[in-house]
Protein chains: 2
Amino acid sequence: MKSLKTLLEEQAYRPAPDERPSVTVDIVLFTISEGELKLLLIKRRDEPFKAMWAIPGGFVRKGETLDQAALRELREETNVSGVYLEQLYTFGDPERDPRTWVITVAYFALVNSVNLQIKAETDAIDASWHSINNLPTLAFDHRKIVDYAVWRLRNKLEYTTVGFQLLPEKFTLTELQRVYEIILDKTLDKRNFRKKILSLSILKELNETKMDGIHRPAKLYTFVEKL
Amino acid sequence: MKSLKTLLEEQAYRPAPDERPSVTVDIVLFTISEGELKLLLIKRRDEPFKAMWAIPGGFVRKGETLDQAALRELREETNVSGVYLEQLYTFGDPERDPRTWVITVAYFALVNSVNLQIKAETDAIDASWHSINNLPTLAFDHRKIVDYAVWRLRNKLEYTTVGFQLLPEKFTLTELQRVYEIILDKTLDKRNFRKKILSLSILKELNETKMDGIHRPAKLYTFVEKL
DNA sequence: CCAAAAGTGTTAGTGATACACCCATGT
DNA sequence: ACATGGGTGTATCACTAACACTTTTGG
């Protein structure tokens, strides 16, 4: 048994167990399909907000990092893996969960449409992709989280290379341009786009072309970090 | 007493109290004085890392938001108020506290040197300012947090107006330039700096000058959001 | 030879950088 | 009159934005 001294020190050191919040991770998982930016939503099975749409997430477990928790939840709830993951913001409004005190560390994640296929096969009923232009009402403060994630994605697209995470390993420049256009929600000039992307020296031109059949074959490129 | 059903539902819904982490906020508080970028450190009174330097922080309490917790801790531990505050990142490595499971939401904060004076008077022994070029060994993973905060501050300086938070309400362009130079750790061209800052239309020229005595008086400006 | 997407250069404008001298004040 | 920091303009360079035609393929 612990000594009184130890107990008092611990008391001073950290709050009593029932004065601690629960901590969750919630993930805004984006993909591009059918020419739209979409995100994955789960239909809740439990209270609160039972039967309402929510972004995937769950409690952080003892012994795991936050990133690990986010990846685990994605795998468990949606069978998606191989994603790009990045911490977004931590939401701690005491009212955000109507029942109890839950602080959530929000993430945003990106998958390409190939991995998306895998997902759609294995998990059909409770999880589905929704266009960001047509979202249902979301549980908790998830709408706020989603809006922030979209804002961050748009920003990061301009000064980082996250965009590549939404494409398969090999892609054409037109496909890449479409990713940018869909996320930024505006058309881009083909020549200027190519000039800018190629000037970054982060693409390797492959000796392959995409034969989509009817048109002129397009060169395939692959993403190479810091050439 | 709660029914069995309720208990089971809650069990499913959230982890048992002793399976929850503690959650803290930790704040990297910057100021500029003596021509250097400094941050506030506290000498720890308790284990773990007793007597070691750490950034101010403490447990989030039930009923308060994370921002509120950060402001409260700053007030309690350092008597500083009126700061610019911004959430930085959440650190959740299960090993980051050697004793127990503590997740911390890190913030960075900025105060101008006027408020700094107030602080130094009221709190002398346990808290002091340290140049980021000469930091002692820090408790926990605080060094990592500090490094990240410095990186973020440098970045944000380039595309936001956070720099003004480190100056009093009225300031000269040279003083503003010094803030940028100290944080970015490089000299800037006076004419180009003025041209750029003034082109942003976020400064109002006052009909006052700073009479520092011996030299030509400098015009005073004040910061106006979105003119 | 037609339809459709791939691919390619030049010009104009805007913002960033480099650089040197006169001005106003107190002593 | 001098020492010191305050204040100002111009030329070059790099990046962004606007814009239209030729090429390659399958049918």
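Here is the naming used below: chain letters follow the sequence lines, and residue numbers restart at 1 for every chain. Excluded from the calculations below are hydrogen atoms, water molecules and symmetry mates; all remaining heavy atoms, backbone and side chain alike, are included. All of these numbers come straight from a predicted model, not from anything done at the bench.
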query: How do Lys219(A) and Ile214(A) order along DNA chain C: which one's closest nucleotide is nearer the 5' end?
result: Ile214(A)

message: Which residues pass the salt bridge (charged side-chain N to carboxylate O under 4.0 Å, His left out) test with Arg152(A), not counting sequence neighbours?
response: Glu86(A)

task: Could you tell me which residues satisfy salt bridge (charged side-chain N to carboxylate O under 4.0 Å, His left out) with Lys196(B), sequence neighbours excluded, listed by chain and number?
output: none

message: To the closest 0.5 Å, what do you measure between CE (Met52(B)) and CG (Leu138(B))?
response: 8.5 Å

- prompt: Just how far is it from atom CG of Leu157(A) to atom CG of Leu153(A), taken to the nearest 0.5 Å?
  reply: 6.0 Å

- request: Might you point out which heavy atoms bring Tyr221(B) and Leu198(B) nearest each other, and give the distance in Å?
  value: CE2-CD2, 4.1 Å

- prompt: With sequence neighbours excluded, what pairs up with Ser131(A) under the side-chain hydrogen bond (donor to acceptor under 3.5 Å, both in side chains) test?
  reply: Glu36(A)

message: Whether Asp141(B) and Arg96(B) form a salt bridge (side-chain N of Lys/Arg under 4.0 Å from carboxylate O of Asp/Glu) is what I want to check.
response: yes

- request: Run the salt-bridge test on Arg61(B) and Glu64(B) with the 4.0 Å N-O cut-off and return the result as yes or no.
  value: no

message: Heavy atoms only, 4.0 Å cut-off, all strands: where does Thr174(A) land among base, sugar-phosphate and nothing?
response: sugar-phosphate

- request: Say whether Arg194(B) and Thr174(B), considering side chains only, have a donor N or O and an acceptor N or O under 3.5 Å apart.
  value: yes

message: Can a side-chain donor-acceptor contact be found between Asp26(A) and Thr104(A) if the only test is distance below 3.5 angstrom?
response: yes

- line: Residues of residues 186-198 of chain A with a heavy atom under 4.0 Å from any atom of DNA chain D, listed by number, are Asp189(A), Arg191(A), Asn192(A), Lys195(A)

query: For residues 151-167 of chain B, which residues have at least one heavy atom under 4.0 Å from DNA chain D?
result: none

- prompt: Earliest and latest nucleotide of DNA chain D, 5' to 3', sitting under 4.0 Å from a non-hydrogen atom of chain A?
  reply: dA17(D) to dG26(D)

message: How many whole angstroms separate atom NZ of Lys210(B) from atom C1' of dA24(C)?
response: 17 Å

field: Rounded interatomic separation in angstrom, taking CZ from Arg216(B) and P from dG26(C)
entry: 13 Å

